Amino acid sequence: MATPGFVLQLRPRHDGEAGMRVGFTVTKKIGNAVVRNRMKRRLRALARDLLPAHGLPGADHVLIGRSGGIERDYQALTAELVKALGRARRACQDA
C-alpha cells in the first residue's frame, strides 16, 4: 500500500501466533544517514502508536520510507498509516 510518505507491506504468517512483527527500511536514495535515521524514528513512532489498535495480528508489517515522508506532517502520516492498514486488512480478508 503506497502512500506519499511510505510504503506498507503486510504479509500474514499463518503460523498460529497472534503477535505482530514490524520492520523498517529507508534507502540511501532518501538522503544521508541523519535523514534516514530521522525517517526511521518517525516510522517507529507511527508503528508504536498505531499498530496495536490497527495492525493485523499474526502478520509481518514492513514500513518503507519514501522521500516525501520526512517533510510530511506527523498527523498526515498517521492518517495515511491508518488508511493503509485498513486497505491491507481488507485485502488480506479477501484473499
Side-chain angles (χ1 to χ4, degrees):
M1 308 298 153
T3 69
F6 57 87
V7 174
L8 170 69
Q9 294 179 342
L10 190 133
R11 185 183 70 89
R13 289 193 314 269
H14 303 295
D15 62 358
E17 291 186 29
M20 287 182 268
R21 297 189 305 192
V22 63
F24 309 96
T25 184
V26 181
T27 68
K28 287 186 176 182
K29 293 179 185 178
I30 302 302
N32 62 16
V34 173
V35 173
R36 291 193 311 269
N37 288 334
R38 188 178 335 147
M39 186 66 205
K40 283 191 258 185
R41 282 194 302 271
R42 294 186 90 191
L43 293 174
R44 283 188 203 106
L46 283 170
R48 184 177 46 249
D49 292 345
L50 299 174
L51 282 184
H54 299 281
L56 187 65
D60 294 334
H61 303 73
V62 178
L63 291 167
I64 303 169
R66 296 179 79 179
S67 60
I70 200 67
E71 294 91 18
R72 293 190 64 78
D73 182 48
Y74 188 77
Q75 297 300 334
L77 288 173
T78 301
E80 290 170 3
L81 183 55
V82 169
K83 185 176 177 181
L85 286 168
R87 285 189 293 168
R89 179 181 295 271
R90 286 189 298 277
C92 288
Q93 290 173 350
D94 292 344

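Only a predicted model underlies this, so the values are computations on that prediction, with no experimental measurement involved.
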Determine the minimum heavy-atom distance between G69 and L77, stating which atoms define it. O-CD1, 3.8 Å

Let me confirm one number: the CG-CG distance from L85 to L8, rounded to the nearest 0.5 Å. 5.5 Å

Taking every non-hydrogen atom, the tightest pair across F6 and L46: CE2-CD1, 4.5 Å

Test question: given the 4.5 Å side-chain rule for I, L, V, M, F, W and Y, name all other residues clustered with I64, or answer none. V7, V62

Quick one: side chain to side chain contact (heavy atoms under 4.5 Å, CB included) partners of A47, sequence neighbours excluded? V22, F24, L51, L63

So, do R87 and R90 sit near enough that their side-chain heavy atoms are less than 4.5 Å apart? yes

Of all the heavy-atom pairs spanning G65 and I30, show the shortest one and how long it is. O-CD1, 3.8 Å

Do any pairs count as a side chain to side chain donor-acceptor pair (under 3.5 Å) and have a residue in residues 40-49, sequence neighbours left out, and if so which ones? D49-Y74

Minimum heavy-atom separation for A91 to M1, with atom names? CB-CE, 4.3 Å

Applied to residues 13-32, the side chain to side chain donor-acceptor pair (under 3.5 Å) test, sequence neighbours excluded, yields R13-D15, R13-D60, R21-D60

Return each pair, listed once, that meets side chain to side chain donor-acceptor pair (under 3.5 Å) where at least one residue sits in residues 61-71; pairs must be two or more places apart or across chains. none

side-chain contact (heavy atoms from CB on, under 4.5 Å), paired with L56, selected from M20, R89, R11: R89

In chain order, what residues pass the side-chain hydrogen bond (donor to acceptor under 3.5 Å, both in side chains) check against R72, with sequence neighbours excluded? E80

